[in-house]
Amino acid sequence: TLLTYAARQPWGQSWRSALPVAGVDGTLQHRFVKSPVKGQLDAKTGTLGEVRALSGYLTTASGRTLAISILVNDHQPESHAEGKAMDQLVEMIWNAE
């Protein structure tokens, strides 16, 4: 709801442009590098204890922009499985829409 609200505000584009870009910079610099999602996802990552998150805006293959938020509980600190699953889910959404 917050992401959708922000996108509709006069400052919405400034808000979005402050987010890391998939495969380009910030916390997403090393994610989606060889993916069609590269450059199509502006999002913030988050980690707190055993919780991981990825929230932001995804421009799909059809050109539609979606607000997305993926949360994973019980993340194992040494595991990268959750991040890979989140990335695959984003790619599925990108392609399906």
Side-chain angles (χ1 to χ4, degrees):
T1 301
L2 175 63
L3 292 169
T4 301
Y5 170 81
R8 294 180 178 152
Q9 301 309 304
W11 43 265
Q13 187 55 43
S14 295
W15 164 268
R16 183 174 176 173
S17 67
L19 296 170
V21 179
V24 177
D25 61 11
T27 55
L28 295 178
Q29 182 176 4
H30 301 292
R31 290 172 73 174
F32 303 101
V33 174
K34 295 180 181 181
S35 166
V37 173
K38 180 179 181 180
Q40 304 302 308
L41 174 67
D42 305 308
K44 179 72 180 95
T45 61
T47 304
L48 179 62
E50 286 80 37
V51 178
R52 292 191 68 188
L54 180 66
S55 300
Y57 304 97
L58 175 64
T59 302
T60 66
S62 68
R64 185 171 177 204
T65 299
L66 304 175
I68 65 166
S69 186
I70 303 169
L71 302 158
V72 177
N73 287 321
D74 296 325
H75 163 67
Q76 300 302 311
E78 282 77 37
S79 173
H80 297 286
E82 295 89 353
K84 289 178 184 178
M86 292 167 71
D87 292 358
Q88 289 174 339
L89 186 56
V90 170
E91 288 180 351
M92 290 170 58
I93 295 168
W94 177 86
N95 194 45
E97 184 49 39

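All of these numbers come straight from a predicted model, not from anything done at the bench.
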Using the test side-chain hydrogen bond (donor to acceptor under 3.5 Å, both in side chains), find all partners of Thr65 that sit at least two apart in sequence or belong to another chain. none
Could you measure the distance from the [atom1] atom of [X] to the [atom2] atom of [Y]? Nearest 0.5 Å is fine.
X     : Y     : atom1 : atom2 : answer
Leu41 : Ile93 : CG    : CD1   : 9.5 Å
Asn73 : Glu82 : CG    : CD    : 10.5 Å
Ser14 : Leu19 : OG    : CG    : 11.0 Å
Ile68 : Ser55 : CD1   : OG    : 7.5 Å

Begin with the C-alpha distance, continue with both residues' side-chain angles, and end with the deciding distance and a verdict on side chain to side chain contact (heavy atoms under 4.5 Å, CB included) for Leu54 and Leu89. CA-CA 11 Å; Leu54 180 66; Leu89 186 56; over 6 Å; no
Closest contact, heavy atoms only, Ala67 versus Thr4: CB-OG1, 3.9 Å
Closest heavy-atom pair, Ala43 versus Leu28, reported as atoms and distance to 0.1 Å, is O-CD1, 3.6 Å
With sequence neighbours excluded, residues passing side-chain contact (heavy atoms from CB on, under 4.5 Å) with Ala6: Trp11, Trp15, Tyr57
Suppose we screen for side-chain contact (heavy atoms from CB on, under 4.5 Å). Which residues come up paired with Thr47, at least two apart in sequence or across chains? Arg52
Going by side chain to side chain donor-acceptor pair (under 3.5 Å), name the pairs with one or both residues in residues 23-33, residues two or more places apart or in two chains. Thr27-Thr45, Arg31-Asp87
Listed once per pair and sorted, the side chain to side chain donor-acceptor pair (under 3.5 Å) pairs that draw on residues 32-41, sequence neighbours left out: Ser35-Glu91
Same cluster for Val90 and Val24 if Ile/Leu/Val/Met/Phe/Trp/Tyr side chains link at under 4.5 Å? no
Sequence neighbours excluded, every pair satisfying salt bridge (Lys or Arg N to Asp or Glu O under 4.0 Å) that has a member inside residues 53-62: none
